[in-house]
Amino acid sequence: MDTATSFASYWYFHLPNFVLAALMYTMLGRLLLGLMVDADSPNYIWRFFCRITDPVIAVLAIVTPKITPPPVLWLFGFVWMFWLRVLFHYTLLVLNLAPRFGGAAP
C-alpha cells in the first residue's frame, strides 16, 4: 500500500494524529522558547506558540493546581498530548480501524 492510498483509506487516523502531534510539539516548543524569552515578548514566533497552545493550557489549567508555574504546565500539556495520541491510536487498534504495517492481517 503506497502513501497516498494509506492516507486516503485512513484519513480518520492520520488527520487527528497529525493535529495532536503538531500541538504536542508546539507545546514543547513553547516550553523551550519560554526559557529564553519573557512572557510578554513581542516576538512573533513566541506569540504564535502562545496563540496555538493557549486553548489547551486553559483546559489543562482547570485540572492543575493554581500554584503550578507556567513552564511546568506547558510540560504537562506536552505529556498529556502524548498520552492522548497513544490512547487514540490504541482505541483505533482495538476497534480494528488503525492502519497496520504491510502484510499484517486485518
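Computed over heavy atoms, backbone and side chain alike; hydrogens, waters and symmetry mates excluded.
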Running the 4.5 Å side-chain criterion over Ile, Leu, Val, Met, Phe, Trp and Tyr, what cluster does Val94 land in, apart from itself?
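Its cluster partners, ordered by chain and number, are Tyr90.
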Looking at residues at least two apart in the chain, or sitting in another chain, which of them share a side chain to side chain contact (heavy atoms under 4.5 Å, CB included) with [X]?
X	result
Leu75	Leu31
Leu20	Met81, Leu84, Arg85
Leu95	Thr91, Leu97
Ala98	His89, Leu92, Leu93

Decide whether [X] and [Y] are clustered together by the hydrophobic rule: side chain heavy atoms of Ile, Leu, Val, Met, Phe, Trp, Tyr closer than 4.5 Å, transitively.
X	Y	result
Val79	Phe49	yes
Val56	Val63	yes
Ile45	Phe78	yes
Leu23	Leu15	no
Leu33	Ile52	yes

Main chain of Thr64, side chain of Thr68: is a donor-acceptor contact present, judged purely on distance under 3.5 Å?
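No, Thr68 side chain to Thr64 backbone: no donor-acceptor pair under 3.5 Å.
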Residue pairs fulfilling ring pair (Phe, Tyr, Trp, His ring centres under 6.0 Å) with at least one residue in residues 16-45, sequence neighbours excluded:
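Every pair satisfying ring pair (Phe, Tyr, Trp, His ring centres under 6.0 Å) with a residue in residues 16-45: there are none.
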I would like to know whether Trp83 and Val86 meet side chain to side chain contact (heavy atoms under 4.5 Å, CB included); could you show each step before the answer?
CA-CA 5 Å; Trp83 285 112; Val86 169; 3.9 Å; yes
More than 12 heavy atoms of other residues, nucleotides or ligands under 6.0 Å from OH of Tyr12: yes or no?
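Count over threshold, so yes.
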Do any pairs count as a salt bridge (charged side-chain N to carboxylate O under 4.0 Å, His left out) and have a residue in residues 52-61, sequence neighbours left out, and if so which ones?
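The answer is Arg30-Asp54.
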Listed once per pair and sorted, the salt bridge (charged side-chain N to carboxylate O under 4.0 Å, His left out) pairs that draw on residues 62-84, sequence neighbours left out:
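Pairs touching residues 62-84 that pass the test: none.
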Can I get a per-line list of side-chain donor-acceptor pairs under 3.5 Å for residues 35-42, giving both atom names and the distance, sequence neighbours left out?
unit_1 : atom_1 : unit_2 : atom_2 : d
Ser41  : OG     : Asn43  : N      : 3.2

About how many Å separate [atom2] of [Y] and [atom1] of [X], when rounded to the nearest 0.5 Å?
X	Y	atom1	atom2	value
Phe76	Ile57	CZ	CD1	11.0 Å
Phe82	Leu28	CZ	CG	12.5 Å
Leu60	Leu73	CG	CG	4.5 Å

Got a sec, which residues hit ring pair (Phe, Tyr, Trp, His ring centres under 6.0 Å) with Trp74, two or more places apart in sequence or on another chain?
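Scan of Trp74 (ring pair (Phe, Tyr, Trp, His ring centres under 6.0 Å), adjacent residues dropped) gives Trp46.
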